[in-house]
2 protein chains.
Amino acid sequence: MADIHPEHAHIIEQTKANMPSEEILEKTAEVFKVFGDKTRIRILAALSEGEMCVCCLCDLLEMSQSAVSHQLSVLKSARLIKSRREGKQMYYSLDDAHIGAILCTGISHVEED
Amino acid sequence: MADIHPEHAHIIEQTKANMPSEEILEKTAEVFKVFGDKTRIRILAALSEGEMCVCCLCDLLEMSQSAVSHQLSVLKSARLIKSRREGKQMYYSLDDAHIGAILCTGISHVEED
DNA sequence: TGAACATATGAACAAACATTCATATGTTTT
DNA sequence: AAAACATATGAATGTTTGTTCATATGTTCA
């Protein structure tokens with residue numbers, strides 16, 4: 001950490017004052033971290049087309065049931081998806097419209113340029 | 001991978017057809033991954049208030065110059081920020097308005113509820 | 001040119017993480 | 001109740017990643 005330049009001090013203070021709290025920023029990073037994995041993004045992209053059971057996701061993603069379940073558990077802990085049981089199967093879906101919106105924002109960013 | 005249930009086959013096919021390509025999804029995950037770190041989010045939040053030099057960021061974040069520079073380099077490689085030199089100092093800023101928008105989307109998601 | 005300053009970068013290390021394998025839990029069907 | 005099916009989960013493992021330390025690069029000023 002270098003010494004603070006006096007002429008920069010007020011910029012630093014002002015920026016600090018306008019920024020969201022550390023707690024908000026930390027939680028935001030955690031949310032993005034959950035989006036930041038290929039398998040989880042593929043799951044979210046699939047679920048944004050509608051709810052789907054675990055075995056469908058395994059077939060669609062061509063991944064093992066265990067790997068998919070582990071990531072579903074991560075997504076659910078982060079409240080990005082929710083589940084309901086129907087007989088032997090569990091159906092997963094996006095937790096709310098906001099999740100789809102965040103996903104779309106990221107995808108459009110990639111699609112542009 | 002379990003056997004595909006015949007009655008699920010068309011759902012899988014249809015979902016697959018509507019989803020973005022694997023390439024897009026992979027790149028999207030990479031973008032979110034860059035957002036998914038507390039230090040980088042704090043840097044982005046600071047820069048969304050305006051451009052800032054490295055030493056200001058170090059003071060603001062109370063982190064070592066090396067740690068900040070390393071993360072600036074990650075952010076720049078991902079084209080989330082850009083830099084310009086002014087004398088001895090490097091000034092960093094968000095690469096475009098889209099980056100601020102993604103950040104805001106994430107922050108609002110956290111701030112709600 | 002040399003010293004001081006600002007930033008970048010390579011190597012090393014510890015912590016976090018995604019998948020696999022094996023197995024447990026929960027549900028339906030016979 | 002037992003077998004079959006669908007999903008969840010713990011432990012182990014290899015990989016990725018963020019920070020630190022040391023040092024290199026680039027710029028200004030005397």
Side-chain angles (χ1 to χ4, degrees), chain A residues 1-8 11-12 25-26 29-44 47 51-78 81-93, chain B residues 1-8 11-12 25-26 29-44 47 51-78 81-93:
Chain A
M1 248 173 299
D3 286 345
I4 299 182
H5 288 203
E7 72 269 29
H8 285 159
I11 295 183
I12 293 173
L25 291 177
E26 172 143 33
E30 289 309 310
V31 170
F32 281 128
K33 190 177 292 181
V34 178
F35 279 89
D37 174 79
K38 192 189 178 185
T39 296
R40 290 192 293 265
I41 282 284
R42 292 171 80 212
I43 292 175
L44 293 172
L47 296 185
E51 73 167 7
M52 200 169 286
C53 63
V54 179
C55 60
C56 276
L57 283 168
C58 293
D59 293 333
L60 175 58
L61 307 181
E62 298 182 77
M63 288 185 61
S64 75
Q65 180 267 315
S66 182
V68 171
S69 263
H70 274 295
Q71 297 308 331
L72 286 170
S73 144
V74 172
L75 289 165
K76 196 173 180 195
S77 298
I81 60 175
K82 60 192 174 189
S83 62
R84 76 180 174 84
R85 181 178 281 282
E86 188 175 307
K88 279 179 280 190
Q89 308 187 15
M90 290 291 273
Y91 282 83
Y92 283 89
S93 54
Chain B
M1 248 173 300
D3 285 346
I4 299 183
H5 289 203
E7 72 268 30
H8 286 159
I11 294 184
I12 294 173
L25 292 177
E26 175 143 33
E30 290 307 313
V31 170
F32 280 128
K33 189 177 292 181
V34 179
F35 279 89
D37 173 77
K38 192 190 178 186
T39 296
R40 290 192 293 265
I41 282 285
R42 293 171 79 214
I43 292 175
L44 293 172
L47 297 185
E51 74 168 5
M52 199 168 287
C53 63
V54 179
C55 58
C56 276
L57 284 168
C58 293
D59 293 333
L60 176 59
L61 307 181
E62 299 182 75
M63 288 185 61
S64 75
Q65 179 268 317
S66 181
V68 171
S69 263
H70 274 296
Q71 296 309 332
L72 285 170
S73 143
V74 171
L75 289 165
K76 195 173 180 194
S77 297
I81 60 175
K82 60 191 174 192
S83 61
R84 76 180 175 84
R85 181 178 280 281
E86 188 175 308
K88 281 181 278 191
Q89 309 186 16
M90 291 291 272
Y91 281 84
Y92 283 89
S93 55

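For the numbers below, each heavy atom of this structure counts, side chains included, while hydrogens, waters and symmetry mates do not. Labels below follow one simple rule: chain letters A, B, ... track the order of the sequence lines, proteins then strands, and each chain is numbered from 1.
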For atom [atom1] of [X] and atom [atom2] of [N], their distance in whole Å:
| X | N | atom1 | atom2 | result |
| --- | --- | --- | --- | --- |
| A/Phe35 | C/dC17 | CZ | P | 16 Å |
| B/Gln65 | C/dG10 | CD | C1' | 14 Å |
| B/Leu57 | D/dT19 | CG | P | 14 Å |
| A/Ile81 | D/dT7 | CD1 | P | 13 Å |
| A/Phe32 | D/dT17 | CZ | P | 18 Å |
| B/Met90 | D/dT25 | CE | P | 16 Å |
| B/Lys88 | C/dA8 | NZ | P | 15 Å |
| B/Arg85 | C/dT7 | CZ | C1' | 7 Å |

Exercise. When you check the phosphate oxygens OP1 and OP2 of D/dA6, does a side-chain N or O of A/Tyr92 lie under 4.0 Å from one of them?
Worked result: no
For this session: For D/dT20, take OP1 and OP2 only and decide whether either is under 4.0 Å from a side-chain N or O of B/Ser64.
Result: yes
Exercise. If you measure from the Lys or Arg side-chain nitrogens to the Asp or Glu carboxylate oxygens, is any gap between A/Glu26 and B/Arg42 under 4.0 Å?
Worked result: no
Exercise. Would you call A/Glu51-A/Arg84 a salt bridge at under 4.0 Å N-O?
Worked result: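 A salt bridge links A/Glu51 with A/Arg84.
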Listed nucleotide nearest any side-chain atom of [X], set [options]:
| X | options | result |
| --- | --- | --- |
| A/Lys33 | C/dC17, C/dT19, C/dT7 | C/dC17 |
| B/Asp37 | D/dG18, C/dT7, C/dA18 | D/dG18 |
| B/Ser69 | C/dT9, C/dT19, D/dT7 | C/dT9 |
| B/Ala67 | C/dT19, D/dT19, D/dT7 | D/dT19 |
| A/Leu72 | C/dA8, C/dG26, D/dA8 | D/dA8 |

If you look at every strand shown and take non-hydrogen atoms under 4.0 Å, does [X] touch a base, only sugar-phosphate, or nothing?
| X | answer |
| --- | --- |
| B/Tyr91 | nothing |
| B/Lys38 | nothing |
| A/Lys76 | nothing |
| B/Thr39 | sugar-phosphate |

Exercise. Going by the angle between their ring planes, with limits at 30° and 60°, are B/Phe32 and A/Phe32 parallel, tilted or perpendicular?
Worked result: parallel
Problem set entry | A/Gln89 and A/Val54, any side-chain heavy atoms less than 4.5 Å apart | no
Exercise. Do B/Cys53 and A/His8 touch side chain to side chain, with heavy atoms closer than 4.5 Å?
Worked result: yes
For this session: Please state whether the base of C/dT9 and the side chain of B/Ser66 form at least one donor-acceptor pair under 3.5 Å?
Result: yes
Problem set entry | Side chains of A/Lys82 and A/Ser93, donor plus acceptor under 3.5 Å |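 Short answer, no.
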Problem set entry | 5' precedence on DNA chain C between A/Gly87 and B/Gln89 (nearest-nucleotide basis) |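 Whichever sits nearer the 5' end wins; that is B/Gln89.
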Exercise. Taking the nucleotide of DNA chain C with the closest heavy atom to each, which residue, A/Glu30 or A/His70, is nearer the 5' end?
Worked result: A/Glu30
